[in-house]
Amino acid sequence: MRATVDDRYNFHAVEKKWRQRWAEERLYETDVDRTKPKFYCLEMYPYPSGKLHMGHVRNYSIGDATARFHRMRGFNVLYPMGWDSFGLPAENAAIAHNTHPATWTYKNIDAMREQMQRLGLSYDWRREIACSHPGYYKWSQWLFLLLYKRGLAVRKKAPVNWCPRCATVLANEQVEEGRCWRCGTPVEKRELEQWFFRITAYADRLLKDLDLLEGWPERVRVMQRNWIGRSEGMELEFPIAGRDQKLTVFTTRHDTIYGATFMVLAPDHPLTLELARGTEQEQAVREFVERVTRLTVRDRAEAVDAKEGVFTGAYAINPVTGERIPIWTANYVLMDYGTGAIQAVPAHDERDFEFARQYGLPVRVVIQGEGVPADGDRLAEAYTGPGRMINSGPYDGMDSREAYRKMAEDFERRGIGRRTVNYRLRDWLISRQRYWGAPIPIVYCDRCGTVPVPEDQLPVLLPDDVRFTVGASPLATSESFVRTNCPRCGGPARRETDTMDTFVDSSWYYYRYTSPRDDKQPFDREKVFYWLPVDQYIGGVEHAVLHLLYSRFITKVLYDEGLVPSPEPFTRLLTQGMVIKDGAKMSKSKGNVVSPEDILEEYGADATRLFILFAAPPERDLEWSEHGIEGASRFVHRVWRLVAACAEPVRALVRGEGETAAAAPDGAVADAGARQDSAGAEPVPSRQGWGEAEEQLWREVHRAIYRVTTDISERMQFNTAIAALMELVNAIYAYRERVAPEQQRADLLAASLDRLLRMLAPFTPFLAEEAWEALGWREFRGSVHRQPWPEYDPAVLESGTVEIVVQVNGKVRDRLRVPSDTPEDRLRELALASPKVREWVNGKSVARVITVPGRLVNLVVR
RNA sequence: GCGGGCGUGGCGGAAUGGUAGACGCGCCAGACUUAGGAUCUGGUGGGUUCGUCCCGUGGGAGUUCGAAUCUCCCCGCCCGCACCA
């Protein structure tokens with residue numbers, strides 16, 4: 001062993017060494033252990049694009065620090081990683097390079113795994129999963145069959161979003177501002193028959209259980225609440241004049257029905273063209289509908305800044321007034337929401353008002369608020385508040401809120417309508433006309449119809465003999481795949497050729513980690529009931545209404561089936577901020593991308609992780625800074641120099657203690673990695689012969705433990721935790737500056753460095769382990785990553801003196817240094833006796849004295 | 001328009017009712033050095049009569065002994081949703 005420790009820190013060599021040794025020692029492997037509380041720490045598994053970007057590095061730095069901290073705190077921690085490895089980019093790359101999507105995908109996975117290992121992330125790699133692996137997607141198909149069995153997977157014809165560039169349909173959640181979430185191409189509406197998961201059947205529970213998610217950011221809960229979009233109202237029926245047919249509308253304002261002076265249908269409503277047929281309006285309606293429905297979703301959304309519509313030529317009968325009112329069609333009514341038809345009440349709805357004024361339609365006031373004219377012609381804007389009912393037959397004179405209740409009852413009794421709840425949430429369209437996904441396990445038989453593939457015939461494997469066509473499902477080009485026999489009657493049948501949305505794969509992967517190689521079941525019940533729910537989930541906010549909603553839905557289905565222990569999958573959620581540079585998100589087009597690869601090469605894993613956790617609190621955006629990472633790197637080297645400088649006396653001490661322990665009868669020595677709990681307790685200094693300098697540093701150590709512990713466990717504020725560690729390092733330096741070398745106490749230095757290194761372990765795992773070994777502890781106590789988290793001693797924390805601020809009328813006038821246990825009345829005495837304070841009190845009377853123990857005294861003077 | 005968040009030194013940020021600006025970056029000075037963009041030490045909100053006091057957390061008002069923090073109004077920025085009937 002070297003006699004001295006080199007004060008230059010070679011992170012390349014150190015990181016390489018520990019990566020190997022940790023793997024050999026199987027340091028991060030975890031299994032069910034009922035003697036410890038469990039902690040499931042999870043990051044959103046990545047799409048294997050080829051290399052990590054800074055957002056990944058941030059995500060995993062947060063997660064790894066969290067996992068390591070909880071391990072040291074005595075939790076049995078599940079911390080796995082896997083790959084969201086189905087999806088379009090692989091297929092597009094395969095088309096471009098004429099290879100197989102799997103080739104591209106698995107090469108990328110290898111590259112990214114390597115980068116993760118360089119970062120020193122403490123995953124249990126035995127649990128690695130990839131959703132494109134047949135051993136995984138078999139169970140995604142099983143999940144489909146479970147939903148099918150429960151009536152939650154259905155094939156139906158509906159208006160769906162179609163991305164012409166990706167040549168596939170998309171779920172509603174995957175359309176952002178009318179554009180495809182992946183490629184940005186404006187999507188089109190198409191009427192197609194597709195497979196849906198009936199997430200709407202869970203709308204109410206998904207909404208209600210949001211209240212359980214106290215560990216989620218308010219922002220995400222609000223986004224989900226809005227996305228689900230529950231609204232209570234009535235479906236009302238308006239007979240169509242001259243036909244034996246009724247028009248059903250959804251409204252939240254049935255109390256305004258006496259003011260319904262016309263009706264509006266969505267242009268793509270099935271009755272729009274039918275009602276116009278044979279009327280003098282037919283031609284105009286046909287032209288209007290064709291023009292509006294041809295627009296992409298986005299163009300249509302933009303076009304509605306100007307409301308536009310035409311009269312259909314048909315009339316409806318207002319069921320309460322008996323009036324004949326015209327039926328219009330207009331671009332501001334959407335087929336997607338409610339029934340695709342509305343009762344227009346221009347006096348009390350802003351949109352109807354604007355439309356009525358534009359086309360000269362009558363406006364009738366039926367609710368009179370303060371200052372609202374009774375004459376609709378004189379109304380300047382729609383009135384949407386409450387008021388007194390007028391022009392409303394038997395309800396005249398009532399308060400509108402009372403009428404609202406009364407009318408609902410009356411209308412139901414008279415059969416005019418019924419109370420109902422409407423949601424904005426649509427069923428989840430899971431069919432994709434693409435290759436690189438899990439095939440939908442369904443067979444179509446001429447005789448038996450739609451037949452699910454029996455579970456024992458899973459997985460339905462992806463065929464290799466496909467042509468990567470665009471515009472139709474590639475699976476349809478594989479004869480061997482399509483042609484099959486009906487599982488029910490054995491006759492000739494055809495397979496479903498669509499694959500599942502990759503969000504189906506990611507909606508349940510966190511269960512699979514608990515028994516990733518199980519080939520008999522999707523997950524082991526015992527293990528899932530031990531590990532779940534996820535205690536801390538970490539990822540980007542962009543999945544607020546995608547993955548995070550789908551996962552909650554699938555969890556509820558599994559919960560109803562009795563397969564998982566909780567109705568919610570993620571107890572706490574942290575949505576990390578973006579990593580930005582020069583004020584903008586890193587992107588190739590802006591040319592402001594910083595590659596983690598380069599940074600790791602130049603500064604090493606510890607400095608990279610440290611900077612990213614230190615520069616901002618995790619949920620806030622983080623501005624990448626070259627100077628900032630240099631500061632972090634400087635700190636890493638500064639710690640190392642301190643360790644090197646203290647090595648000689650500390651090692652002598654550690655060796656002496658270690659040998660004493662080893663000499664004891666039960667001090668049998670196994671290999672270093674396995675000795676985590678037994679030999680070698682933390683060094684407790686005697687404090688004999690200590691002076692004020694020693695006591696002061698020891699207090700700093702305990703203060704740091706207190707601050708780091710609470711900052712991480714209560715708030716996940718890694719930035720302030722690291723600041724506290726920097727202060728501790730500064731304090732140790734200050735001690736060594738202040739006390740002559742021969743006077744410095746080795747027991748104090750050893751105890752301080754012991755605490756420091758254990759607290760650094762979650763942030764700079766390589767540095768902490770290397771220093772731990774250099775000081776001799778690894779030999780006797782095992783890896784720093786298997787140590788318990790240090791405890792602070794409140795008695796030490798509160799010993800010594802504190803500075804008390806003396807205020808006069810809230811302004812600081814003096815500071816007193818007093819023993820920290822000084823009682824309040826003594827503080828008051830000292831404050832009043834202060835010469836500086838007396839100048840400010842001078843002649844006036846002290847009306848009140850407020851003391852805050854350990855902090856301040858405030859004299860209220862008049 | 002509705003909803004969520006934010007506004008503090010030159011910069012990233014600390015302080016969630018009790019000393020505003022911890023910690024880091026940058027900058028200034030000193031020490032060591034053949035030299036250093038290394039390292040160590042000190043300083044660093046503005047003003048000032050400089051061992052002093054005044055001002056200061058987007059602006060204004062309020063609650064309180066005391067407000068960056070709580071309340072109300074206004075301004076600005078970011079994010080999400082948006083003719084949802």
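Letters go in sequence order (proteins before strands), and every chain restarts at 1. As the structure is a computational prediction, the values presented were derived from the model and not from experiment.
- The gap from the P atom of B:A85 to that of B:G66 amounts to 48 Å, rounded to the nearest Å.
- Its glycosidic angle being within 90° of 0, B:C50 falls on the syn side.
- Phosphate proximity of B:A14 to A:Gln717: present, with a side-chain N or O under 4.0 Å from OP1 or OP2.
- Rounded to whole Å, the separation between the C1' atoms of B:C28 and B:C77 comes to 34 Å.
- Using the Watson-Crick or G-U wobble rule with both distances under 3.5 Å, B:G24 pairs with B:C11.
- Relative to the ring axis of A:Trp216, A:Arg572 does not place its NZ or CZ within 45° and under 6.0 Å from the centre.
- Atom name P, nucleotides B:G59 and B:G76: the rounded distance is 15 Å, in whole Å.
- Regarding contacts with the backbone of B:A14, a side-chain N or O of A:Arg620 is found under 4.0 angstrom from either OP1 or OP2.
- Residue A:Asn719 has a polar side-chain atom (N or O) positioned under 4.0 Å from OP1 or OP2 of B:A14.
- Salt-bridge annotation for A:Arg418 and A:Glu237: absent, with no side-chain N of the basic residue lying under 4.0 Å from a carboxylate O of the acidic one.
- In this pair, A:His348 and A:Tyr383 present their aromatic rings perpendicular. The plane angle is above 60°, beyond the 30 to 60° band.
- Summarising the geometry, the separation between CG on A:Leu334 and C1' on B:A82 is reported as 11 Å, rounded to the nearest angstrom.
- Aromatic rings from A:Tyr332 and A:Phe355 are positioned such that their centres are separated by under 6.0 Å.
- To the nearest angstrom, P of B:G13 lies 14 Å from CG of A:Leu613.
- Taking the P atoms as reference points, B:G3 lies 43 Å from B:C54, given to the whole Å.
- By the 4.0 Å N-to-carboxylate-O rule, A:Arg703 lies close enough to A:Glu700 to be salt-bridged with it.
- Listed pair A:Arg634 / B:C25 meets the phosphate criterion, a side-chain N or O lying under 4.0 Å from OP1 or OP2.
- Base pairing of B:C2 is made with B:G80, judged by Watson-Crick or G-U wobble geometry with both donor-acceptor distances under 3.5 Å.
- As rounded to the nearest Å, B:C65 and B:A14 have P atoms that lie 31 Å from one another.
- Residue A:Arg848 places at least one side-chain N or O closer than 4.0 Å to OP1 or OP2 of B:C65.
- The side chain of A:Arg424 places no N or O atom within less than 4.0 Å of a non-bridging phosphate oxygen (OP1 or OP2) of B:C81.
- B:G4 and B:G12 are spaced 26 Å apart, taking the P atom of each and rounding to whole Å.
- A distance of about 36 Å separates the C1' atoms of B:G56 and B:G37, rounded to the whole Å.
- The side chain of A:Tyr733 lies closest to B:U41 when the candidates are B:U19, B:U41, B:G12.
- Comparing B:G18, B:G26, B:G24 by their closest approach to the side chain of A:His627 singles out B:G26.
- In this structure B:G9 sits in the syn conformation; its chi angle is within 90° of 0.
- Nucleotides B:A29 and B:G36 are separated by 14 Å at their P atoms, to the nearest Å.
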